[in-house]
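Beneath this line is the structure, given in structure tokens, with notes to follow.
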Amino acid sequence: MQDINDASKLTRRSILKRSVGTAAALGLPHAGLAEQSSKSPDTRLWYRQPAERWVEALPIGNGRIGAMVFGGVDHERLQLNEDTLWSGGPYNPINPDALAALPEVRRLVFAGRLQEAQALADAKLMGKPLGQMSYQTLGDLFISLPTITADPVRDYERALDLDTAVATTGFAAGTVRHERSVFACPIHQVIAVRLVASEAGSLDCDIGLRSPQSGTLTIADDTLILSGRNAASEGIAGALRFEARARVLHEGGTVESRAGEIGVRGARTVTILIAMATSYRGFNDVGGDPAALTRRQIEAAAAAGFDRIAAIAAAEHRRLYGTVRIDLGRTAAADQPTDERIRLSETSDDPALAALYFNYGRYLLIASSRAGSQPSNLQGIWNDRVRPPWGSKYTININTEMNYWPAEPTGLAECTAPLIAMMRDLAASGARTARDMYGARGWVAHHNTDLWRATAPIDGASWGLWPTGGAWLCTHLWDRWDYGRDRTYLASIYPLLRGASEFFVDVLQRDPATGHMVTNPSISPENEHHKGVSICAGPAMDMQILRDLFDQTAAAAGILGVDRGFVTQIKGLRARLAPDKIGMGGQLQEWQSDWDPDAPEPQHRHVSQLYALYPSHQINLDDTPQLAAAARRSLEVRGDKATGWATAWRINLWARLREGDRAHGILKFLLGPERTYPNMFDAHPPFQIDGNFGGTAAIAEMLVQSRGDDIVLLPALPSAWPNGSITGLRARGSIAIDLRWKDGCLVTATLISAKDGARMVRLGKSTLQIRLHAGRPRRLSSNEFEST
Ligand code: FUC
């Protein structure tokens with residue numbers, strides 16, 4: 001099969017660019033588009049022309065399967081993904097020389113012979129193979145509509161409604177109005193496409209499936225079946241089988257198959273149901289039966305019928321999406337199509353664009369991470385390549401964590417289920433790496449992982465020799481507890497925290513120069529302290545992550561009443577970790593030595609030493625003002641503009657420093673055309689979804705922050721959002737918060753908790769002690785704060 005992933009080959013009719021205000025509502029689904037678009041500038045992406053490039057197409061997904069919808073007039077393209085279609089098969093990348101070489105690498109690091117240490121690490125410690133497997137596209141569904149001849153087409157509009165999770169395309173050609181809708185059902189596990197023509201007998205289309213993977217296409221009656229095998233990579237043989245099925249149902253007209261396509265002639269309505277699966281059952285089990293699975297899924301979906309699946313899919317989406325509503329105000333800028341608004345973001349006043357970005361971030365998380373799916377990867381689930389940038393994997397030295405930053409505060413805790421499931425796998429594969437590479441108990445994961453849960457260091461010591469990836473992920477396990485306070489859940493994940501801590505009990509080394517306990521070897525993610533040299537002992541970020549890991553493990557053990565001896569041990573170790581330091585330039589030191597001022601890239605995208613300020617709370621304005629000032633200094637030096645995700649991290653950091661206007665200025669850059677593609681996907685560049693999620697988290701962080709049982713309202717409200725409201729934001733301690741503000745000041749806040757308890761609420765410089773009773777809303781007005 002040939003590679004047909006080239007959007008430029010698609011023909012496109014000229015589109016009359018004029019308002020859709022005159023579009024006649026013909027009683028069809030999703031008609032009246034103009035009315036909808038003017039009503040919901042913060043819950044709808046819409047455009048006046050089809051997508052030409054992939055980053056203009058609109059994403060739909062149910063966590064496991066997804067599509068990018070192009071909305072072409074006479075050629076529709078749905079680029080398809082299934083989240084277990086990766087290259088390779090089960091493998092163990094541990095370098096057999098690593099354990100023996102480790103003491104010498106450590107000795108060289110402590111002796112300050114860093115170049116030699118790095119060379120030895122590159123030669124002996126890094127994984128084999130040096131790279132990991134890639135997430136890959138499954139292929140494309142094409143729909144050609146040969147008899148759409150009216151040129152130009154009128155009243156074209158395509159849109160993605162975030163509230164219903166349906167992508168629509170509508171236009172008129174000649175006397176016929178065409179409407180299309182596409183969505184992914186999380187219950188029936190199919191993608192459903194419907195094409196409707198306003199005149200009976202006027203819909204003709206040819207439907208085909210193609211793929212760059214190796215496989216065969218067969219047609220059985222009304223169903224296209226693409227069966228194939230995944231590819232090898234890095235010398236690891238492909239071990240997966242996959243299957244995609246597209247069943248074509250029609251109302252009116254006739255159907256026949258020809259030249260690898262199913263053709264429908266003279267219909268009024270055509271429905272296509274698409275199912276996709278691989279034989280992946282787990283990182284050590286590829287024994288699934290994708291043919292049986294997809295056959296069953298298609299049969300069940302066809303039996304239910306399009307309307308029923310559509311209703312179920314929308315309801316299931318809304319169950320998660322509908323818990324939060326945001327209103328940041330609206331200006332005339334919001335009336336423009338989405339691509340125009342992005343183009344003008346940096347110069348226009350368009351607060352509803354930030355609200356749209358926030359809503360889109362929540363939509364994307366729901367669509368790329370649901371119970372039973374793989375976690376959201378570097379591109380969520382949307383990837384049109386076989387060799388995507390960075391393998392479209394899980395980069396766990398920032399990117400995967402950032403994907404999940406908005407989950408808890410924006411009411412999508414349920415979407416963390418795939419991340420937690422992956423961590424259970426990593427604890428198993430990482431125990432092997434801990435034992436064979438470090439001679440240690442517990443488990444470890446370095447800076448990347450993939451479908452096969454590889455945990456050895458990869459790429460080269462400068463990037464991969466970083467043992468704290470798994471430990472950072474553990475903070476998400478803790479956050480799930482801290483936001484939900486569910487003891488049964490805590491007991492279920494405690495062994496993962498314990499195992500991660502145990503690893504560091506075994507591998508931390510005493511720094512002969514200071515007596516502190518440090519990681520060695522390690523790096524400060526991906527920054528060089530001297531030209532070509534990253535290896536070091538005890539970078540600030542490692543120490544900060546380990547303080548959180550030990551604190552959270554100890555707290556969890558305390559709540560569960562287990563492991564007292566172990567808790568004493570990790571508390572002792574925590575006290576001996578190297579502390580954060582302020583350097584000669586007033587900055588927060590990134591390394592144990594004050595190397596920052598002379599480091600080769602002072603504006604490096606990673607701001608690893610600022611982990612303590614965000615996402616952690618170790619450094620904060622109230623308890624550690626001097627360290628907070630040093631963090632601020634580091635942030636100034638690093639600069640505001642960076643890659644997509646790195647820009648988003650900076651916004652969260654400024655929000656923690658309670659500088660709303662500074663945060664907002666950077667947000668405008670993130671929402672502008674240099675960092676946001678027309679379909680609102682984040683641009684690293686290239687596309688990487690972490691910036692969407694980091695930006696969504698940042699908007700939440702500007703409105704509410706929480707630490708332990710303390711809550712800060714409107715900590716970083718920018719002057720550009722003087723009036724607004726949000727309902728359903730979450731705070732730690734199992735709390736939902738509704739806020740309304742006017743002229744930059746709080747009007748009311750309503751807090752409701754699932755648990756009884758005392759809370760401290762801060763607004764500006766005032767604080768209130770309140771008691772919450774489970775299930776009983778507590779309404780706070782600004783007057784109550786004024787009297788404190
Ligand atoms: C880290 C970052 C890069 C990129 C990659 C996927 O290595 O430093 O910028 O985001 O992950």
Show the numbers, then the answer: is there a side-chain hydrogen bond (donor to acceptor under 3.5 Å, both in side chains) between Ser369 and Tyr404?
CA-CA 10 Å; Ser369 185; Tyr404 287 91; 2.6 Å; yes

Quick one: does any side-chain atom of [X] pair with a main-chain N or O of [Y] as donor and acceptor, under 3.5 Å?
X      : Y      : result
Glu76  : Gly71  : yes
Asn403 : Asn377 : yes
Ser87  : Ala231 : no
Asp690 : Thr400 : no
His317 : Leu162 : yes
Tyr91  : Pro129 : no
Thr449 : Ala454 : yes
Gln132 : Lys393 : no
Trp463 : Pro457 : no
Gln79  : Asn383 : yes

Quick one: [atom1] on [X] to [atom2] on [Y], what's the gap to the nearest 0.5 Å?
X      : Y      : atom1 : atom2 : result
Ile699 : Tyr357 : CD1   : OH    : 8.0 Å
Ser211 : Leu85  : OG    : CG    : 7.5 Å
Leu240 : Leu451 : CG    : CG    : 7.0 Å
Leu249 : Thr271 : CG    : OG1   : 6.0 Å

Would you indicate whether Arg387, at its atom CZ, is surrounded by more than 12 heavy atoms from other residues, nucleotides or ligands within a distance under 6.0 Å?
no

Is the count of non-hydrogen atoms from other residues, nucleotides or ligands lying under 6.0 Å from Arg424 atom CZ greater than 12?
yes

How about [X] and [Y]: does a side-chain donor come under 3.5 Å of a side-chain acceptor?
X      : Y      : answer
Thr84  : Thr278 : yes
Thr137 : Asp384 : no
Glu526 : Asn397 : yes

With the side chain counted from C-beta on, respond yes when [X] and [Y] share a heavy-atom pair under 4.5 Å apart, and no when they do not.
X      : Y      : answer
Pro685 : Arg675 : yes
Pro686 : Trp390 : yes
Tyr363 : Met680 : no
Leu141 : Ile191 : no
Val270 : Ile272 : yes
Asp161 : Thr168 : no
Glu401 : Pro615 : no
Cys415 : Ile366 : yes

Provide the closest heavy-atom pair for [X] versus [Y] in the form atom of the first, atom of the second, distance.
X      : Y      : answer
Phe242 : Ser214 : CE2-O, 4.3 Å
Ala310 : Phe183 : CA-CZ, 3.3 Å
Arg158 : Glu56  : NH1-O, 2.9 Å

Name the residue from Arg480, Arg485, Arg730 that meets the salt bridge (charged side-chain N to carboxylate O under 4.0 Å, His left out) definition with Glu408.
Arg480

Is any side-chain N of the basic residue among [X] and [Y] closer than 4.0 Å to the acidic one's carboxylate O?
X      : Y      : value
Arg453 : Asp450 : no
Glu299 : Arg296 : no
Arg318 : Asp163 : yes
Arg247 : Asp222 : yes

So that I know where these two stand, are Tyr135 and Trp86 an aromatic pair - ring centroids less than 6.0 Å apart?
yes

Would you please classify the geometry between the Tyr360 ring and the Phe681 ring as parallel, tilted or perpendicular, with 30° and 60° separating the classes?
parallel

Aromatic ring pairing Trp645/Trp649, orientation class (parallel under 30°, perpendicular over 60°, tilted between)
tilted

Ignoring hydrogens and angles, write down the donor-acceptor pairs under 3.5 Å from the side chains of residues 472-479, residues two or more places apart or on other chains.
residue: Thr475; atom: OG1; partner: Trp472; partner atom: O; Å: 2.7
residue: Asp479; atom: OD1; partner: Arg732; partner atom: NH1; Å: 3.0
residue: Asp479; atom: OD1; partner: Arg732; partner atom: NH2; Å: 3.4

Which is it for Ile726 and Phe358 under the side chain to side chain contact (heavy atoms under 4.5 Å, CB included) test, yes or no, and what are the steps along the way?
CA-CA 11 Å; Ile726 187 155; Phe358 175 89; 4.0 Å; yes

Can a cation-pi geometry be assigned to Arg194 and Phe306, taking NZ or CZ under 6.0 Å from the six-membered ring centre and within 45° of the ring axis?
yes

Pair Ile60, Leu58 - check side chain to side chain contact (heavy atoms under 4.5 Å, CB included), show working.
CA-CA 7 Å; Ile60 53 127; Leu58 293 170; over 6 Å; no

Passes side chain to side chain contact (heavy atoms under 4.5 Å, CB included), Glu82 versus Tyr280? Steps please.
CA-CA 11 Å; Glu82 199 276 0; Tyr280 184 84; over 6 Å; no

I would like to know whether Ile65 and Ile381 meet side chain to side chain contact (heavy atoms under 4.5 Å, CB included); could you show each step before the answer?
CA-CA 7 Å; Ile65 55 176; Ile381 46 170; over 6 Å; no

Write out all pairs satisfying side-chain hydrogen bond (donor to acceptor under 3.5 Å, both in side chains) with one or both partners inside residues 285-295, taking only residues at least two apart or from two chains.
Arg245-Thr294, Arg281-Asp285

side-chain hydrogen bond (donor to acceptor under 3.5 Å, both in side chains) between Ser376 and Ser368, worked out:
CA-CA 5 Å; Ser376 180; Ser368 65; 3.2 Å; yes

Taken in chain and number order and not counting sequence neighbours, the residues that satisfy side chain to side chain donor-acceptor pair (under 3.5 Å) with Asn62 are Gln189

Tell me every residue that passes side chain to side chain donor-acceptor pair (under 3.5 Å) with Glu234, counting only those two or more places apart in sequence or in another chain.
none

I would like to know whether Asp42 and Arg325 meet salt bridge (charged side-chain N to carboxylate O under 4.0 Å, His left out); could you show each step before the answer?
CA-CA 10 Å; Asp42 48 16; Arg325 297 271 165 210; over 6 Å; no

Sequence neighbours excluded, which residues qualify as ring pair (Phe, Tyr, Trp, His ring centres under 6.0 Å) partners of Phe693?
none

Residues forming a ring pair (Phe, Tyr, Trp, His ring centres under 6.0 Å) with Tyr614, sequence neighbours excluded
Trp405

